[in-house]
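Let me begin by presenting the structure, written as structure tokens, before commenting on it.
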Amino acid sequence: MGDRMKQAVIALLLAAAPAAASPKSEVLAATNSFMAALNRGDVAAAEAFTHPALTIQILRFPPEGGSRFQTLTRSQLFDNFRNAPPRKFDEGLVKTKLLITRDFAHVWAPYTLDIDGKRIHCGVDSFGWSKVDGQWRMTSFAWTADPKGCPPK
């Protein structure tokens, strides 16, 4: 086989090879998979997307006004899901925005939360992702929770 033929075969093989996923698509896929796992009640699958040192912050806006800041540990967050009564949990992300540099990414997404078909609250989810040992892991998770001004179901 001549050099020109070898180059043509190599070019065809490279063109036919599947493209490597972009960091953007990987982070969005991880975010969507994490949320899908929570929505279907698969706590172990959701937890698998997180780093053991995950930090969690919540800013709640009570109906009576003001705000209340809270932190949770990773185990507290997932124990809350494990210990919840049977329910239909449906948290939907809206207009996801992504910032990424190298192995560090941030996803910002307004959301609505419905439990058993009732709108509970809405707010913004904030997901921090870091690529650790070749895998995207959620390293920070924060959200606001506001029962007022949510879009209708």
Side-chain angles (χ1 to χ4, degrees), residues 14-153:
L14 288 174
S22 72
K24 179 179 179 178
S25 65
E26 291 174 346
V27 170
L28 290 176
T31 302
N32 291 332
S33 295
F34 171 79
M35 292 306 301
L38 286 182
N39 281 335
R40 70 176 178 271
D42 190 345
V43 180
E47 193 171 16
F49 284 96
T50 67
H51 189 275
L54 175 70
T55 62
I56 299 127
Q57 299 178 342
I58 308 157
L59 187 61
R60 298 183 191 280
F61 301 107
E64 62 276 5
S67 63
R68 190 181 62 180
F69 179 75
Q70 176 184 9
T71 61
L72 296 175
T73 65
R74 180 179 186 245
S75 59
Q76 286 172 321
L77 173 70
F78 293 113
D79 284 348
N80 286 345
F81 279 96
R82 282 186 190 92
N83 298 327
R87 62 190 178 165
K88 183 176 181 335
F89 185 88
D90 183 18
E91 184 169 340
L93 302 182
V94 184
K95 296 182 184 176
T96 301
K97 295 179 184 174
L98 172 67
L99 298 172
I100 191 163
T101 184
R102 298 176 51 108
D103 291 345
F104 183 72
H106 192 89
V107 176
W108 178 271
Y111 74 92
T112 58
L113 175 62
D114 299 337
I115 296 180
D116 293 331
K118 181 181 178 208
R119 176 76 26 100
I120 302 300
H121 62 254
C122 56
V124 174
D125 280 339
S126 171
F127 306 88
W129 294 91
S130 297
K131 198 166 199 178
V132 179
D133 298 327
Q135 299 223 329
W136 287 102
R137 294 288 177 231
M138 188 187 309
T139 53
S140 65
F141 185 30
W143 66 90
T144 64
D146 193 346
K148 294 182 180 178
C150 297
K153 271 187 62 78

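Note that the coordinates shown come from a computational prediction; the quantities given were computed from them, not determined experimentally. Just so it is clear, the values below take in all heavy atoms, side chains as well, and ignore hydrogens, waters and symmetry mates.
Checking R137 against Q135 by side-chain atom types alone, a donor-acceptor pair falls below 3.5 Å.
In this structure, H51 NE2 and T139 OG1 are separated by 8.0 Å, a value rounded to the nearest 0.5 Å. One finds the CD1 atom of I120 at 13.5 Å from the CG atom of D146 (value rounded to the nearest 0.5 Å). Summarising the geometry, atom CG belonging to L77 is positioned 11.0 Å from atom OG1 belonging to T55; distances are rounded to the nearest 0.5 Å. Taking CG of L113 as the start and SG of C122 as the end, the distance is 9.5 Å to the nearest 0.5 Å.
The closest side-chain heavy-atom distance from I115 to K88 is not below 4.5 Å. M35 is listed as a side-chain neighbour of E91, based on a closest heavy-atom distance under 4.5 Å. Residues E26 and K131 have side chains in contact (heavy-atom distance under 4.5 Å, counting atoms from C-beta outward). Between F104 and L99, the closest side-chain pair of non-hydrogen atoms is not below 4.5 Å. Proximity of H121 to Y111: side-chain heavy atoms (C-beta onward) are separated by under 4.5 Å at one or more points. Using a 4.5 Å heavy-atom cutoff, the side chains of T96 and L28 are in contact. Side-chain contact check for H106 versus S126: some heavy-atom pair is nearer than 4.5 Å. In this structure, the side chains of R82 and E47 come closer than 4.5 Å at one or more pairs of heavy atoms.
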(Q) What verdict does the side-chain contact (heavy atoms from CB on, under 4.5 Å) test give for W129 and V107, after you've listed the backbone C-alpha separation in whole Å, the side-chain angles of each residue and the deciding distance to 0.1 Å? (A) CA-CA 8 Å; W129 294 91; V107 176; 4.1 Å; yes
Q: Report the C-alpha separation of R40 and D42 in whole Å, then their side-chain angles, then the decisive distance to 0.1 Å, and conclude whether the salt bridge (Lys or Arg N to Asp or Glu O under 4.0 Å) test is met.
A: CA-CA 6 Å; R40 70 176 178 271; D42 190 345; 3.7 Å; yes
Q | side-chain contact (heavy atoms from CB on, under 4.5 Å) evaluation trace for W108 with F127 | A | CA-CA 7 Å; W108 178 271; F127 306 88; over 6 Å; no
Q | Evaluation steps, side chain to side chain donor-acceptor pair (under 3.5 Å), between T31 and W136 | A | CA-CA 10 Å; T31 302; W136 287 102; over 6 Å; no
Q: Output, in order, the C-alpha distance, side-chain angles, deciding distance and verdict of salt bridge (Lys or Arg N to Asp or Glu O under 4.0 Å) for R119 and D114.
A: CA-CA 4 Å; R119 176 76 26 100; D114 299 337; 2.5 Å; yes
Q: Quick one: do T50 and F141 satisfy side-chain contact (heavy atoms from CB on, under 4.5 Å)? Show the steps, please.
A: CA-CA 9 Å; T50 67; F141 185 30; over 6 Å; no
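No donor-acceptor pair under 3.5 Å is formed between the side chain of D125 and the backbone N or O of A109. Judged by distance alone, the side chain of K148 and the main-chain N or O of P63 form a donor-acceptor pair under 3.5 Å. No donor-acceptor pair closer than 3.5 Å links the side chain of T144 to the backbone N or O of G123.
Shown here for I56 and W143, the closest heavy-atom pair between the two residues is CG2-CZ3, 3.6 Å. Taking all atoms of both residues into account, the shortest heavy-atom contact from S25 to A21 is OG-CB, 3.8 Å. When all heavy atoms of L72 and Q70 are compared, the pair lying nearest together is CD2-NE2, 3.6 Å. The minimum heavy-atom distance between N32 and L93, with the atom names listed, is OD1-CD1, 4.4 Å. Nearest heavy-atom pair across V27 and A105 is CG2-CB, 3.8 Å. In this structure, T112 and P151 approach most closely via the heavy-atom pair CG2-CG, 3.7 Å.
Applying the 6.0 Å contact sphere to CZ of R68 captures no more than 12 heavy atoms from other residues, nucleotides or ligands.
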